[in-house]
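Here the structure is laid out as structure tokens; the discussion comes afterwards.
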Amino acid sequence: MLVMKKLEEKISKLKQEFETALESAHSTEQLEQVRIAFLGRSGQITELVGTIKELSAEDKRIAGPLLNELKKESQENFDQILQLCELREAQAAENKKQWFDVTMSKPIHVRGTKHIYSQVIEQLEDIFISMGYDIADGPEVEKDYYNFKALNIPDDHPARDMHDTFWLDIPGMLLRTHTSTIQVHAMESRTLPLALFATGRCYRNEALDASHEFNFTQAECLFIDKDISIANLLATAKTFLQTLFEKKDLNIRVRPGYFPFVEPGLEIDMECPFCLHGCSTCKKTRWIELLGAGLVHPNVLRSSKIDPDYYSGFAFGMGIERLAMIRHGITDIRHFHASKLNFLNQF
Ligand code: PHE
């Protein structure tokens, strides 16, 4: 009798546990866990039903139907709940397919623009390509040879002091101070005649102010062929500036200038394209200083194994930021790399 009482208690406790487990299962996956734990091969209900073997013949007679009922009822209960759950999940999957939230906002895509600096470089390249020039470039970390020696600036030349060079820890290595280095690379590696345009970052250890950055960009033009004269230089510079500023009658003027790698050396000024009687861009002078230029010095040709008796050439260079500042009325060179959106968004 005692055995039976205990069995009855066990059965009702297990029923209770099974029901609680079923109630807290919210998906077919969780229900499967419940099935394994209670009705599986070594589940709690299966195991309790199995204990019938250990009972006496008399107890078996009473316990048999009880345990059978427990098994049958539990399985039916489970099947019913599983069926409902499967139905619910199928319905939810169906709903997901059919419905979408029309009020949901789509992510905002902020449209960027090209940096003004890149825009100007691309414009310059387009102009020179349209005049038949090739685009060239060279490294920012340079040997003394390319920045100075091959450009007719030997070790003891005073012009070195003007370049405020960043020297590297490696002897004879520096950050290029101008893009004229590219002239030397081009003369070494290309065949004549040469018509090249190059742009690139340069570095000078200068005090910073509205018109000086230690990191700035230059553009360089080089032309070498037979019988090249100052007339070719002036015509090219003038055509380039007239195209860039979209002014067919834009004038230029020439002053003597000194750069060791050209002879004669010139400074080319451009007539102010923005005013008739003087403005803030031309500082009321009507002229804007823009290009360093000249005919390639025979020593420069010689150091790149070009015979100056047969070949001559011209070169000119300019500051890209300065050009962009003049063109777009930008008043401080430090704006270019300050990553300020209210500046960048203007262009
Ligand atoms: N490299 C010169 C500078 O940095 C500019 C220049 C280029 C002058 C080519 C003459 C010829 O100022």
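Remember, it's 1-based here, ligands and their atoms both numbered in the order they're listed.
At most 12 non-hydrogen atoms from other residues, nucleotides or ligands lie less than 6.0 angstrom from CG of Asp227. Counting heavy atoms of neighbouring residues, nucleotides and ligands inside a 6.0 Å radius, atom CD of Glu47 exceeds 12 of them.
Nearest non-hydrogen protein atom to atom 9 (C) of ligand 1 is Glu220 OE2, 3.4 Å. In terms of protein heavy atoms, atom 12 (O) of ligand 1 is closest to Phe259 CE2, 3.8 Å. For atom 1 (N) of ligand 1, the closest heavy atom belonging to the protein is Ser180 OG, 2.9 Å.
Between Glu289 and Arg255, at least one side-chain nitrogen of the basic residue sits less than 4.0 Å from a carboxylate oxygen of the acidic one, meeting the salt-bridge criterion. Under 4.0 Å is where a charged nitrogen must lie from a carboxylate oxygen, and between Asp307 and Arg302 no such pair does.
Residue Cys202 does not touch ligand 1, judged by heavy-atom distances below 4.0 Å. Only the side chain of Phe261 comes within contact range of ligand 1, with a heavy atom under 4.0 Å; no backbone atom does.
Note: the hydrophobic cluster containing Tyr311 also contains Phe261 (ILVMFWY, side chain heavy atoms under 4.5 Å, direct or indirect links).
Checking only distances, His178 does come within under 3.5 Å of ligand 1, N or O to N or O.
Near Phe316, the atoms of ligand 1 lying under 4.0 angstrom from a non-hydrogen atom of the residue are 7 (C), 9 (C), 11 (C).
Residue contacts with ligand 1 include Gln218, since one or more of its heavy atoms lies under 4.0 Å from the ligand. At least one heavy atom of Arg204 sits closer than 4.0 Å to an atom of ligand 1.
The aromatic rings of Phe343 and Phe336 sit perpendicular, their planes meeting at an angle over 60°, well past the 30° parallel limit.
Panel note: side chain Thr217, backbone Gly200; no donor-acceptor pair is recorded below 3.5 Å.
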